[in-house]
There are 2 protein chains.
Amino acid sequence: MDQLDERQRTVFCAVVEEHIRAAEPVGSEHPAVRERLGVSPATIRNTMAALEEMGLLTHPHTSAGRIPTDAGYRLYVDMFQEAEALSAAERQAIRRRLETSAEDPSAAAGQAARVLAFVTQYLSVVASPGLQHQTFRSLHLVPLGERRAIAVIATDSGGLQARMIDLPEGIGPDDLEQISQAITHRLQGCRLADLTHERLEQIVGEASWHHRLLAEVKTWLGRELARGGHPRIVMEGTRHLLREPEFRRPDAATQLLEALEEESVLADAMAAAPEQGLWISIGAENRREELRGCSLVMATYRAGPQVVGTVGIVGPTRMRYRRALAAVRYVADRLTETLKAFE
Amino acid sequence: MDQLDERQRTVFCAVVEEHIRAAEPVGSEHPAVRERLGVSPATIRNTMAALEEMGLLTHPHTSAGRIPTDAGYRLYVDMFQEAEALSAAERQAIRRRLETSAEDPSAAAGQAARVLAFVTQYLSVVASPGLQHQTFRSLHLVPLGERRAIAVIATDSGGLQARMIDLPEGIGPDDLEQISQAITHRLQGCRLADLTHERLEQIVGEASWHHRLLAEVKTWLGRELARGGHPRIVMEGTRHLLREPEFRRPDAATQLLEALEEESVLADAMAAAPEQGLWISIGAENRREELRGCSLVMATYRAGPQVVGTVGIVGPTRMRYRRALAAVRYVADRLTETLKAFE
DNA sequence: GTTAGCACTCTCGTCTGATGAGTGCTAACG
DNA sequence: CGTTAGCACTCATCAGACGAGAGTGCTAAC
C-alpha cells in the first residue's frame, strides 16, 4: 500500500490514531487531523474520500466522520511495526511479576496473564500447551507410607507434574527406585507428544516389572498426556473488555464472552499463530466468526529452543496496537528469558 | 417470621417464585398468584400491601407489581431449606466431572467450578485455601542432575506441591535423603498455618545440616505458605452473569465484574462463611458493598476432617435458590467424598 | 490543486401524548 | 367482618415529532 502519497498517509494515520484514542468517528474538521497538515477541512475531505475509495476508511452513516476498516487497521499495524516503548515502571512491573515464575513455572501462565491484562488494560490470554510440547526428562516414584507413592514427571523445560498413586502389595522402596530409573532411562528425551498410548505400551511394556504398578503409571501418563493435548488457557481481565465502548451493548459483550469462555474458540484462533514472533489478527481476519469483532495480538514464548506457550491479548479492533505489541512482546520475551534457566 | 398467616404465605411464595422465574414485578392479577388461591385480585392486593408493610415485598414504582426485598428472599430461603432435587443426569454429570479429581486434587477446584457453572447457569467460584489449611505430611528431595533437585511437599489431604531447587555444591543423593527425612520427621503433623517463619527457623534451624540447602528449602516453604495465605480462587461462567436481566445494564455488569476480578472481594465475602454446611448471603447481607446486588450460595468441602476449600455460586438476588442450594451442596459433598481417599 | 460556501443527510436528544399495567381507596356484598 | 367490584390515579414505556448539530459532497471561485 505504498501507493499512498504523503498527505494521504498523514491523514490516514491521524484518523486511525484519533479514533483509537477517542473511540469516535473522526471528521475532517477534527483538530487532530488538521494540526498535522496546513490545509483546510475541504481538502482533507477529498483525501478522506480517496482513502475510503481504497477501502481503508469507512462511514458509519452519511453525516458521521470516518473510522478505519479492518483493512485500514491492517495497513496501520504493518506501517508501524516499531512498537511504542513501555515505560520503565511498566517494564519493571512485568519483570517483578514474572520473577516468581522462575521458581514455579506452573504458575507462570497465571502471572503472565495478570500482568499483561494490567499493563494493556485489555483481556489477556495465556495458553500453555501443558506437557504435550515438552520433552520427558525423568520419572520419580517416591514412597509415601505403605501402599502409596508420589509420582513426579519432570520435563526439560522445568515442568513438574506430581500426583499420588496407589501401590500394589509387596512393592518396596527399592522396587520403586528401580522402576523409576528404568522408565526414566527409556523415555528420556522423548517428546511427550510422541508418546502415544501404543508407543508407551511398547517402550514400557517390554520390560517385565511388577505389572500392576506399571499399569497404573502407564494409565496416568496416558491420561496426563491426553489432557495436555488441548492447552490450558488462562484468561484475565474480562472487566477491561466491558469497558470498551464497542462492547457496551449488552449482547455484544455476552456473545463475545460466551465465545471466549468456550476454550475451543481461543484455541482455534491461536492455532493460526506462527511459531515465531509477534502475530496480529484483526477483526475479520480471525478464523472464528465469534471473534470477528475483535483483534488479537499474540506471541509465543519458549523454554530453551522449544515453544511452550502463547501469550496474547484480546481487544476491540480499535486497539492500541502499538502499545499492545510492545507489551505482548516484552512479556513473551521475559517469559522466555525466565524459562531459560531450565534449558 | 411465623406471623405470616396461611394466605400471606401462599401469596408471598407465589410472588417470589414467579419473580424468580420471570424476572419481572408480579402484579395482583398475575395468574401464577391467583391460581394458588380462590380469591380475587383485590384481596391479593390487600395481602400484598400487608407483606410490603412487613418489609418482605416492595415496589419499583407506584404502578408496578411487587418484587421481593432482600429480607423477603431471606425468609424464603429459610422457609425452604429443603432444596430442589437435581436430576439424575445432572448428578451423574457432576460425579463424572469430579472423578478425575480423585487422581489429581490440584485440578479439583477447576473441575468443580466448571461443572457447577454448567449445572446452575450462574457464575461459580471455588476457593482452595492452598496449603494454609492443610497438615504437613512429608518433604521429599529428589536429585535431578548434579546441581538440582525436585522438592515435593505432601499434605495429609492429598495435596502435592512440587518445585525445582538449585543445590549448593557437594550435596549428594544421600544428603538429600537425610535432609528430607529429618525435615519430614520434624514437621510431620504440623498444621501449615502454624508454620510461621520463626517457627520454621526454630524447628529446622536447630539442626546443623548443610546450611545453604536448608536456607533454600526454608525460603521456599516460607514463600509457598505466604502464597497459600490468600486462597486461590477459580471463577468460571462469567457469561452467565451477563445474561441475567439485572446485569444487562452495562455498568452494572462492569462494576460487578471489576469487583469479582479483584480477589480480595470474593475472599472477604467468603471468609464470612461458617466452617460447616451451606451458607447463603443475600444482597445487602454481603460484607462487601460491591456484592450488594447479588447473592452467594456457598459450601465448604473437606479432605477428611479438615476443611480445605469453598465452592459456591454468584448470581442476582433473584436467584433460583432452591436449585442453587441443591447443586452447591451436591458438588461440595462429592468433592469431600472424592478427597476422602486421602484421609 | 486548494478552498469557501452551501445545501443536504442523518443521528441524537428532548419533548409530547397515548397506552397500559397495576395500584389504593371506597362502597357494596354475603 | 372479610371479600370483592368499581374506579380514579400514577407512572413507566413507547412511538412519533422536532430541532440542533455534525459532517458530508458538490460547485464555483481563488
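Letters go in sequence order (proteins before strands), and every chain restarts at 1. Reckoned from all heavy atoms, side chains included, excluding hydrogens, waters and symmetry mates.
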**Message:** Between P on C:dG24 and CG on B:L57, what's the gap in Å once rounded to a whole number?
**Reply:** 11 Å

**Request:** Could you check how far CD of B:E24 sits from P of C:dG22, rounded to whole Å?
**Result:** 9 Å

**Item:** Atom pair distance, as rounded to whole Å: CZ in B:R7 and C1' in D:dT3
**Value:** 8 Å

**Asked** Where the side chain of A:R97 meets the backbone of A:L116, is there a donor-acceptor pair that is under 3.5 Å apart?
**Response** no

**Request:** Rounded to the nearest angstrom, tell me the gap between atom CE in A:M48 and atom P in D:dC26.
**Result:** 16 Å

**Request:** Ignoring backbone atoms, establish whether B:S40 has a side-chain N or O less than 4.0 Å from OP1 or OP2 of D:dT4.
**Result:** yes

**Request:** Ignoring backbone atoms, establish whether B:S28 has a side-chain N or O less than 4.0 Å from OP1 or OP2 of C:dG22.
**Result:** no

**Item:** Closest non-hydrogen atom pair between B:A272 and B:R287, with its separation
**Value:** CB-NE, 3.8 Å

Side-chain donor-acceptor pairs under 3.5 Å in residues 240-248 of chain A, sequence neighbours left out?
| residue | atom | partner | partner atom | Å |
| --- | --- | --- | --- | --- |
| A:H240 | ND1 | A:R243 | NH2 | 2.8 |
| A:R243 | NH1 | B:E258 | OE2 | 2.5 |
| A:R243 | NH2 | A:Q121 | OE1 | 3.0 |
| A:E244 | OE1 | A:R318 | NH2 | 2.6 |
| A:E246 | OE1 | A:R318 | NE | 3.1 |
| A:E246 | OE2 | A:R318 | NE | 3.2 |
| A:E246 | OE2 | A:R318 | NH2 | 2.8 |

**Message:** Closest-nucleotide mapping onto DNA chain D: is B:P60 or B:N46 further toward the 5' terminus? I mean the 5' end.
**Reply:** B:N46

**Asked** Picking from B:V15, B:T69, B:L4, what satisfies side chain to side chain contact (heavy atoms under 4.5 Å, CB included) with B:L51?
**Response** B:L4

**Asked** If you check the A:E29 side chain, which of C:dA4, D:dT24, D:dT4 turns out closest?
**Response** D:dT24

**Message:** I'd like to know if A:D78 pairs up with A:R74 as an ion pair, taking the criterion as any Lys NZ or Arg NE/NH1/NH2 lying under 4.0 Å from an Asp or Glu carboxylate oxygen.
**Reply:** yes

**Message:** Tell me the interatomic distance from B:Q8, atom CD, to D:dG2, atom P, rounded to whole angstroms.
**Reply:** 12 Å

**Item:** Atom-to-atom span, CD of B:E6 to C1' of D:dT3 - whole angstrom
**Value:** 18 Å

**Prompt:** Taking atom C1' of C:dT26 as reference, at what distance in whole Å does atom CZ of B:R45 sit?
**Reply:** 12 Å

**Message:** Given a 3.5 Å cut-off on both pairing distances, which stems involving DNA chain D, each at least three consecutive Watson-Crick or G-U pairs, are present, if any?
**Reply:** C:1-30 with D:1-30

**Nucleotide nearest A:S63 (side chain, heavy atoms from C-beta), chosen from C:dC10, D:dT10, D:dT3** = C:dC10

**Asked** Under 4.0 Å between a side-chain N/O of A:R66 and OP1 or OP2 of D:dG23, yes or no?
**Response** no

**Prompt:** Taking N and O atoms by type only, does the side chain of A:T62 place a donor or acceptor under 3.5 Å from a partner on the base of C:dC10?
**Reply:** no

**Asked** Just how far, in rounded Å, is P of C:dG1 from CD1 of A:I44?
**Response** 18 Å

